[in-house]
Amino acid sequence: MILYMSCFVLFCIGLYGVMRKRNIIKIITGIIICEYAANLLFILIGYRMGGRAPILAHGTVIENMVDPLPQAVVLTTIVIGLATTIVLVTLAIRLYEKYGTFDITKIEELKG
Amino acid sequence: MKKIKEPGMSVIVKTVARLVARVMLLFGFYVVLHGQVTHGGGFAGGVVMALVFILIMLAYGKEGALRTFSRTGALTTAGIGLILLVAIAFTGYWRGHFFANFLGQGWPFEFWSAGVIPFLNIAIGLVVLGSLYGIFAALTHFHSEEEEKQ
Amino acid sequence: MNELYILFGLMIIGAIAAIEMEDLLSSVISVSAVGLGLSMAFLVLKAPDMAFTQLIVEILCLIILIRATIKKDLPFSTSGRWILNTTITIFFIVVFLGAVSLALMELPEFGHPLMKVGEIYLRDGFAQTGATNLVAAILQDYRAYDRLGEVAVLFVSFIGVLAILRREGRVSAAESKKDLI
């Protein structure tokens with residue numbers, strides 16, 4: 001239970017960064033931390049006490065494997081998170097070139 | 001007298017990059033091909049192969065890397081990978097449904113053990129290699145243009 | 001599971017440092033440290049596929065973020081409606097934590113997962129697909145549509161980056177063909 005709670009604490013830190021900070025790079029950082037917390041929660045739910053990795057070995061029978069389904073889902077999530085981060089960083093670079101700042105309040109004031 | 005600045009980093013970085021690049025490429029290809037037997041797979045191997053070209057771009061500068069692997073080449077690689085993936089998926093209709101495993105299973109615990117999965121891994125690796133290298137090349141191109149303007 | 005507590009503590013410290021650090025470069029490197037801690041946590045939780053992928057993706061993310069933030073620092077601005085913003089943020093976090101504490105009742109206890117689908121994959125996966133790595137068997141055979149969508153998303157992000165970075169005010173068609181990408 002403490003492990004689940006610390007996972008949610010990590011998510012809250014990311015949420016705070018997204019909502020409170022004005023720098024675009026800080027907001028992207030917050031989004032990345034939220035994404036890490038979500039991935040971690042999936043893997044934590046799929047873990048089995050004293051389990052083994054879901055890879056078969058030659059000659060031996062491996063009992064008590066962990067759940068492979070959350071791992072497959074998280075692999076997809078990591079890829080999509082990378083694609084999202086890249087597009088966000090590109091948008092931030094483009095905004096910096098147009099306005100000369102990463103501060104979203106100043107970008108709001110400049111308009112056009 | 002001012003010395004003309006060479007593109008890229010220092011001699012040490014260039015030498016290490018030249019020595020390491022081929023080994024890294026081989027490792028990436030190994031990871032792609034053995035995705036069905038051990039951990040790894042198409043995406044991780046593709047990112048390793050893209051990191052090789054990104055390393056060359058960081059060490060030797062933009063021109064040196066684009067001579068090795070041009071931006072049109074990156075787009076073509078990604079397109080070929082995607083077309084290959086969809087083609088393998090459609091060939092599955094031969095055995096009944098989309099994405100069917102139409103090849104035999106072969107021998108367990110060897111390379112030829114999972115039918116169509118290695119080919120899917122190769123296609124995914126090509127898409128990832130082309131896309132990530134193309135993104136990084138586009139960002140670097142933009143960066144250098146911005147510096148020229150200042 | 002003592003090593004997990006240590007790793008989680010380090011990750012939370014790294015996340016706080018990433019959010020609160022004034023220097024952008026330090027912030028980016030802190031978030032990368034959080035990612036490496038996540039990779040080690042995956043390894044402890046018996047997910048080697050995820051650990052490998054996360055490690056490599058983290059390096060790529062770090063390179064791209066450093067490219068974006070290098071030489072582009074700016075001082076912090078905390079002027080304006082400081083109290084209102086902080087109040088709203090804390091309100092949202094409290095609402096989120098309340099919803100989480102309701103959801104925690106429904107989650108299975110740590111170490112005893114509900115494996116309704118997972119058991120079937122573990123039992124039949126090797127016989128039906130022939131792949132030794134069961135995660136690869138699920139990704140490329142049972143749930144191959146996921147894989148197709150994921151690869152399509154990556155390709156679309158490539159096209160999107162090219163579209164975002166395109167220069168505007170293009171004069172002639174010949175020039176547009178020259179710097180297509």
Side-chain angles (χ1 to χ4, degrees), chain B residues 31 34-48 50-51 54 58 70-72 74-75 78-79 81-82 85-86 89 92 98-101 104-109 113-118 120-121 123-124 127-128 130-132 134-143 145 147, chain C residues 42-43 47-61 63-68 70-72 125-137 139-148 150-167 179-181:
Chain B
V31 171
H34 290 256
Q36 79 277 21
V37 185
T38 58
H39 50 83
F43 180 74
V47 180
V48 172
L51 279 173
I54 290 174
L58 288 175
S70 69
R71 279 169 299 190
T72 324
L75 196 57
L82 207 54
L85 186 62
V86 177
F98 202 61
F99 271 118
N101 201 339
Q105 281 196 3
W107 306 274
F109 301 102
S113 65
V116 85
I117 291 179
L120 284 175
N121 270 330
I124 293 164
V127 177
V128 173
S131 303
L132 292 179
I135 286 169
F136 193 77
L139 281 177
T140 313
H141 185 64
F142 188 80
H143 201 71
E145 262 185 5
E147 273 183 355
Chain C
F42 283 163
L43 208 54
D49 257 317
M50 263 37 47
F52 190 43
T53 312
Q54 177 67 40
L55 182 65
I56 294 167
V57 162
E58 196 50 56
I59 294 168
L60 190 69
C61 239
I63 293 174
I64 288 176
L65 276 171
I66 285 181
R67 271 274 147 155
I70 203 160
K71 290 187 209 155
K72 283 177 194 163
F126 181 61
Q128 283 179 353
T129 65
T132 323
N133 183 358
L134 290 167
V135 178
L139 266 175
Q140 266 100 337
D141 204 303
Y142 289 113
R143 304 174 72 95
Y145 283 99
D146 279 15
R147 208 58 166 161
L148 183 63
E150 160 201 322
V151 168
V153 164
L154 199 62
F155 191 73
V156 167
S157 87
F158 178 30
I159 304 293
V161 166
L162 293 184
I164 291 168
L165 290 183
R166 198 180 57 177
R167 292 281 162 203
D179 56 11
L180 186 63
I181 44 178

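Just so it is clear, the values below take in all heavy atoms, side chains as well, and ignore hydrogens, waters and symmetry mates. Proteins get letters first, then strands, A, B, ... in listed order; numbering begins at 1 in each.
When all heavy atoms are compared, the tightest approach of B/Gly35 to C/Ala136 is O-CB, 3.5 Å. Summarising the geometry of B/Ala44 relative to C/Ile56, their closest heavy-atom pair is O-CD1, 4.0 Å, with the distance given to 0.1 Å. Of all heavy-atom pairs between B/Thr140 and C/Arg67, the closest is CG2-NH1, 3.4 Å. Considering all non-hydrogen atoms of both residues, B/Val37 and C/Thr132 come closest at O-CB, 3.7 Å. Shown here for B/Ala138 and C/Leu162, the closest heavy-atom pair between the two residues is CB-CD2, 3.8 Å.
Contact annotation for C/Phe155: both backbone and side-chain heavy atoms come within less than 4.5 Å of a heavy atom of chain B. Within the 4.5 angstrom heavy-atom criterion, atoms from both the backbone and the side chain of C/Val151 approach chain B. Residue B/Val128 touches chain C through both its backbone and its side chain, counting heavy-atom pairs closer than 4.5 Å. In this structure, chain C has a heavy atom under 4.5 Å from the side chain of B/Phe136, while its backbone stays farther away. The contact between B/Leu51 and chain C is made entirely by side chain atoms (from C-beta outward), counting heavy-atom distances below 4.5 Å. The contact between B/Ile135 and chain C is made by backbone and side chain atoms together, counting heavy-atom distances below 4.5 Å. Heavy atoms of C/Ala127 lying under 4.5 Å from chain B belong exclusively to its backbone.
B/Ile54 pairs with exactly one of C/Ile59, C/Leu60, C/Ile64 by the side-chain contact (heavy atoms from CB on, under 4.5 Å) rule, that one being C/Leu60.
Under a 3.5 Å cut-off, the side chain of C/Asp49 and the backbone N or O of B/His39 do not form any donor-acceptor pair.
Atom CZ of B/Phe98 is separated from atom CG of C/Leu148 by 6.0 Å, given to the nearest 0.5 angstrom.
Between C/Glu150 and B/Val127 the shortest side-chain heavy-atom distance does not fall below 4.5 Å. Residues C/Arg147 and B/Ile124 have side chains in contact (heavy-atom distance under 4.5 Å, counting atoms from C-beta outward). In this structure the side chain of B/Val116 never reaches within 4.5 angstrom of the side chain of C/Asp141, judged on heavy atoms.
The choice from C/Leu134, C/Ile63, C/Val135 that makes the most heavy-atom pairs within less than 4.5 Å of chain B is C/Ile63. Taking C/Thr53, C/Leu154, C/Val57 one by one and counting their heavy-atom pairs under 4.5 Å with chain B, the maximum is reached by C/Leu154.
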